[in-house]
Structures are given as structure tokens and as C-alpha cells.
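Numbered from 1 within each chain, the chains take letters A, B, ... in sequence-line order.
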Number of protein chains: 2
Amino acid sequence: MAHIDILIRRLRSDTHIDAEDAAAIARLPVHVRDVPAQTSIVRTGERPNACCLLVKGFACRAKITDMGKRQILSFHVAGDIPDLQSLFLRSMDHDLVSISPATLAFIAHSDVLKLVDERPSVAHALWRETLIDAAIFREWIVNLGARDAPARMGHLFAELYHRMAAVGLVQGNEFEFSVTQAELAEALGISAVHANRIIQRFRSEGVLDVRRNHVALLDFPTVQAISGFDPAYLHQLTRRGAPE
Amino acid sequence: MAHIDILIRRLRSDTHIDAEDAAAIARLPVHVRDVPAQTSIVRTGERPNACCLLVKGFACRAKITDMGKRQILSFHVAGDIPDLQSLFLRSMDHDLVSISPATLAFIAHSDVLKLVDERPSVAHALWRETLIDAAIFREWIVNLGARDAPARMGHLFAELYHRMAAVGLVQGNEFEFSVTQAELAEALGISAVHANRIIQRFRSEGVLDVRRNHVALLDFPTVQAISGFDPAYLHQLTRRGAPE
DNA sequence: CGATTTGTTGACTAATATCAAACTGTGTGG
DNA sequence: CCACACAGTTTGATATTAGTCAACAAATCG
């Protein structure tokens with residue numbers, strides 16, 4: 001499987017592209033690179049001239065405050081282009097960092113721009129991807145502003161479950177995901193100690209089992225109930241291909 | 001001044017459009033409507049067939065959680081198109097509500113789509129607008145997740161100052177802005193009582209004076225310092241037209 | 001001008017942070 | 001293969017921030 005196929009699979013999960021579009025995307029030249037965990041891929045203030053497709057592994061976007069605190073903005077899985085916005089926002093306003101060993105496929109901005117100007121349907125599809133990215137940020141704002149810590153954590157894993165299912169990375173109620181409790185805390189806006197206590201409670205209650213490299217949604221209905229999770233904001237096309 | 005001119009002014013503050021693009025935008029047919037404060041303009045789940053340009057007044061986007069709590073996602077000022085994402089995300093994942101009497105100019109999706117497919121530069125400009133929208137959400141995540149309540153409030157008003165300055169709506173260090181303390185609390189993810197106490201402290205310290213319809217940034221350097229505000233994430237073109 | 005919304009205050013409570021120490025697992029070099 | 005180093009996790013005690021409730025005051029509106 002070519003590296004870029006994961007992108008086409010991903011796009012098909014939430015947008016409409018036809019065979020010709022897919023073929024045009026598949027023709028995009030890519031530059032593949034493997035990185036270890038904890039590698040900064042793009043940094044705040046840089047002006048990348050390529051977008052980064054995550055082919056394998058996990059990454060996150062994060063901002064550092066003036067007080068030196070890091071806030072993780074989003075987690076990314078295979079098929080995501082976490083810095084697609086750099087196509088029109090020249091300078092990065094945050095960092096992109098791997099949180100596991102990862103395979104990246106870089107696609108030059110110039111090639112993407114040529115493609116979107118030639119094929120409006122691809123432009124619409126990629127624009128839509130960036131809009132879904134924003135929709136996920138909106139839901140994350142709700143999470144941080146309006147839900148307590150256990151609900152936030154439940155919500156995060158319910159979302160990841162859906163997003164990973166879209167690219168075929170879940171088995172039953174479980175999926176591989178590499179994250180430390182400290183990283184989780186940075187995403188949820190809580191302390192690492194508090195994150196640990198919530199994880200333990202979920203584990204003992206048989207709701208959710210979060211490990212260093214693996215997540216099991218032991219009781220999805222409960223996770224959904226305590227977190228108020230509703231996948232509508234992901235704007236995915238349903239299995240049945242229902243209209244969006 | 002035609003209603004749509006505020007949009008052109010706004011676009012020029014953070015994107016590059018030429019005279020022909022501006023003329024093409026100015027030719028977009030609009031349907032103008034005045035609404036009182038606290039009016040729901042578009043609701044969650046709806047599938048609007050037009051975008052809404054805010055010509056005058058203020059609005060916010062908000063989500064209601066399953067617990068009935070409302071989280072305000074963003075505030076909007078004249079020149080914003082708060083639901084531009086509906087162009088490609090058919091169903092709304094949040095509400096758009098006026099927070100003051102407001103004038104709205106609705107632009108049919110079909111007209112916008114025709115324009116963006118005919119003029120790539122306009123497509124790029126509008127796409128860029130939605131990306132800046134997302135960049136603001138990212139910063140708001142940092143605010144809610146990594147800063148304490150006073151910093152959040154300072155940050156909100158520092159941002160509004162910049163955004164309103166871009167469309168010429170500030171006088172000195174002051175600007176008109178209509179918001180109740182309860183709404184502020186819903187945006188900041190704190191209780192109304194706590195919001196009130198912070199406002200009073202800022203007022204007594206001569207840092208920031210937030211009133212029902214008016215905001216004065218009495219001491220901008222201090223606001224900036226306590227909130228860690230850095231306008232880079234707004235991706236505005238500087239006054240001097242410096243490159244972005 | 002009365003009615004309603006918005007803002008203000010105090011007392012009390014709950015959620016979460018901080019700190020510090022100890023423990024566990026995993027990989028590395030001797 | 002062991003021992004050590006290190007990163008990650010777990011625990012308890014204590015501190016702080018912010019929430020809730022309830023009453024009242026002040027603005028605002030029809």
C-alpha cells in the first residue's frame with residue numbers, strides 16, 4: 001500500500017471524492033521520513049513549504065504559554081494532515097510533535113496548491129477537512145470549559161475511538177494509542193496527578209482502561225453517558241453512506 | 001457604504017485580495033435582516049443554505065452540553081462570517097446567536113460556491129478566513145486549559161481589541177462591546193460570580209474596565225502581561241502590509 | 001414606575017493543584 | 001544476567017481556586 005493511500009481512505013470517511021480525484025491525489029509526490037517519539041516536526045514561527053501526512057504512529061499539536069505550560073491542542077492518527085492549515089497560514093502558531101515513533105509523508109505546498117486549483121472537488125474536500133479540524137477544536141473548547149475532568153477524559157477517548165475506526169485502526173472496543181499520563185494531563189488541562197486518579201477510577205469501575213500504549217473502552221455506553229459524547233461534530237459520513 | 005463593504009475591509013486586514021476580487025465580492029447578492037439581542041440566527045442541526053455576514057452588532061457561537069450547560073465558543077464582530085464553515089459542513093454543530101441588536105447580511109451558499117470556483121484567489125482568501133477562525137479556537141483552548149481565570153479574561157479582551165481595531169471599531173484604548181457577565185462566564189468556563197469578582201478586581205486595579213456595553217483597556221501592557229497575549233495567532237497583516 | 005434582568009456580596013463547599021516521596025517497569029551497559 | 005538509571009506511575013497530605021447558594025442592590029426596560 002502506497003503511503004498516500006491512508007489519506008484517501010481517511011478522506012473517504014468524511015468527504016466525497018471520486019475515483020479521478022483519488023487518482024490525482026495518489027499522484028502527489030511525497031517525501032517520506034521516519035521519526036522517533038517526542039520529535040518536533042514543525043515548530044511555532046516556522047514557515048513550512050510542505051504539509052505533513054501522518055502515515056503511521058501518533059502526533060499532537062501543542063502551544064507553550066508564556067508561563068512555560070504546554071497545552072496539547074489535538075491528537076493525530078494515521079491519515080491526518082495535522083498542518084494542512086499551513087497551506088494558507090504561512091507561519092505556524094503552534095508545534096507539531098510526534099508522541100510515538102511515526103512515519104510521515106511530506107507533500108509540497110506547491111503541489112497541493114496546483115492540485116486544488118486544477119480540481120475544485122479536491123479543493124472542497126481539503127477545505128472541508130480543515131473545517132472538521134476546526135469543529136473538533138470547538139468540541140474541545142466545550143470539553144475544557146464546560147465539563148469536569150472525568151467527562152473530558154471519557155470524551156477524548158470516545159472521539160479517538162471514532163476517528164481511529166474511520167481508518168480501520170480499532171479492534172472491537174480497543175485500539176493502540178501511545179500517550180503518557182502527563183501528556184493526557186496537558187491535553188485535558190488538568191494535573192498529571194489528577195489524570196492518574198481518574199484513570200485508576202475508570203479502571204476499577206470497568207469503564208475505560210487507559211495504558212501507555214493501549215486503550216480499551218470497556219463500557220462504551222457509560223463512557224458516552226458521562227462525557228456527553230455525540231459524534232455529530234466529527235461530520236463523518238456514516239457507514240451506510242448517509243448524506244451529510 | 002454597502003453592507004458588504006465591511007467584509008472587504010475585514011478580508012483586507014488579514015488576507016490579500018486585489019481590486020477585481022473585491023469587486024466580485026461586492027457583487028454578491030445579499031439579503032439583509034435586523035435582529036434584536038439574544039436571537040438565535042442558526043441552530044445546531046440545521047442545514048443553512050446561506051452564510052451570515054455580521055454587518056453591525058455582536059454575536060456568539062455556542063454549544064449546549066447534555067448537562068444543559070452552555071459554552072460560548074467565540075464572539076463575533078462586524079465583518080465576521082461566523083458560519084462560513086456551513087459552506088462545506090452542511091449541518092450546524094453549534095448555535096449562532098446575537099448578543100446585541102445586530103444587522104446581518106445573508107449570502108447564498110450557491111453564490112459563494114460559484115464565486116470561489118471562478119476565482120481561486122477568493123477561494124484562497126475565504127479558506128484562509130476559516131483557518132484563522134480555527135487558529136482563534138486553538139488559542140481559546142490554551143486559554144481554557146492552561147491559564148487561570150483572570151488571564152483568560154484579559155486574553156479575551158486583548159484579542160477583541162485587535163480584531164475590532166482591524167475593522168476600525170476602537171477609539172483609543174476603548175471599544176463598544178455588549179456582553180453580560182453571565183455570557184462572559186459562559187465563554188471563560190467559569191461561574192458568573194467568579195467573573196464578577198475578576199471584573200471588579202481589574203477595575204479597582206485600573207487594568208481593565210468591562211461594562212455592559214463598553215470595554216476600556218486601561219493598562220494594555222499589564223493586560224498583555226497577565227494574559228500572555230501575543231497577536232501572532234490572529235495572522236493579521238500588519239499596518240505596514242508586512243508579509244505574512 | 002413597577003417588573004425584570006443584571007450585578008454584587010458573603011458564607012460555605014467541592015474540585016483540582018501542588019508537593020514530595022515511593023514505587024514500577026523497562027531498557028542498557030557491565 | 002544483574003544492577004542501575006530513568007521515565008512513568010502511584011500515593012498521601014495539604015493548599016488553592018473556583019463553584020454554589022442565597023440574598024440583596026442596581027440598572028434597564030416596557
Between residues 57-69 of chain B and DNA chain D, which residues have a heavy-atom gap below 4.0 Å? none

Roughly, in whole Å, what's the span from CG in N213(B) to P in dT6(C)? 11 Å

Any donor-acceptor N/O pair, Q71(A) side chain to E186(A) backbone, under 3.5 Å: yes

Look at the side chain of T39(A) and the backbone N and O of V35(A), then say whether any donor-acceptor pair between them is shorter than 3.5 Å. no

Test your reading of the model: is there a side-chain donor-acceptor pair from S191(B) to the backbone of H194(B), 3.5 Å cut-off? yes

Are H162(A) and F229(A) close enough that their ring centres sit under 6.0 Å apart? yes

Working to the nearest 0.5 angstrom, can you tell me the gap between L7(A) CG and I81(A) CD1? 4.5 Å

Is the shortest side-chain N/O distance from N196(B) to OP1 or OP2 of dG7(C) below 4.0 Å? no

Pairs involving residues 188-206 of chain A, ordered by first then second residue, that meet salt bridge (Lys or Arg N to Asp or Glu O under 4.0 Å) (sequence neighbours left out): R201(A)-E205(A), R203(A)-D209(A)

Test item: H76(A) and R163(A) side chains (from C-beta on) under 4.5 Å apart, heavy atoms: yes

Main chain of Q38(A), side chain of S98(A): is a donor-acceptor contact present, judged purely on distance under 3.5 Å? yes

Using atom types as modelled and distance alone, determine if a side-chain donor or acceptor of R152(B) lies under 3.5 Å from a backbone N or O of L188(B). yes

Any donor and acceptor pair, going by atom type alone, linking the side chain of R212(B) with main-chain N or O of S178(B) inside 3.5 Å? no

Taking CZ from R197(B) and P from dT9(C), how many angstroms apart are they, rounded to a whole number? 9 Å

Under 4.0 Å, counting only non-hydrogen atoms across every strand here, what does R203(B) touch: a base, just sugar-phosphate, or nothing? sugar-phosphate

5'-most to 3'-most nt of DNA chain D touching chain A (<4.0 Å, heavy-atom partner on protein side) reads dG8(D) to dA13(D)

Please list, for nucleotides 23-29 of chain C, all pairs of protein and nucleotide N/O atoms separated by less than 3.5 Å.
none

Any ring-ring contact (aromatic ring centres under 6.0 Å, His included) pairs touching residues 39-69 of chain A, not counting sequence neighbours? F58(A)-F177(A)

Are H214(B) and F175(B) close enough that their ring centres sit under 6.0 Å apart? no

note: I99(B), atom CD1; dT5(C), atom P; distance rounded to Å ~ 18 Å

Provide, to the nearest angstrom, the distance between the CG atom belonging to D209(B) and the P atom belonging to dG7(C). 13 Å

R212(A) near the nucleic acid: base, sugar-phosphate alone, or nothing, with a heavy-atom cut-off under 4.0 Å? sugar-phosphate

Can you tell me how far CG of L54(B) sits from CD1 of I6(B), rounded to the nearest 0.5 angstrom? 9.0 Å

Specify the residues of residues 175-195 of chain A, ordered by number, for which at least one heavy atom lies under 4.0 angstrom from an atom of DNA chain D. T180(A), Q181(A), V193(A)

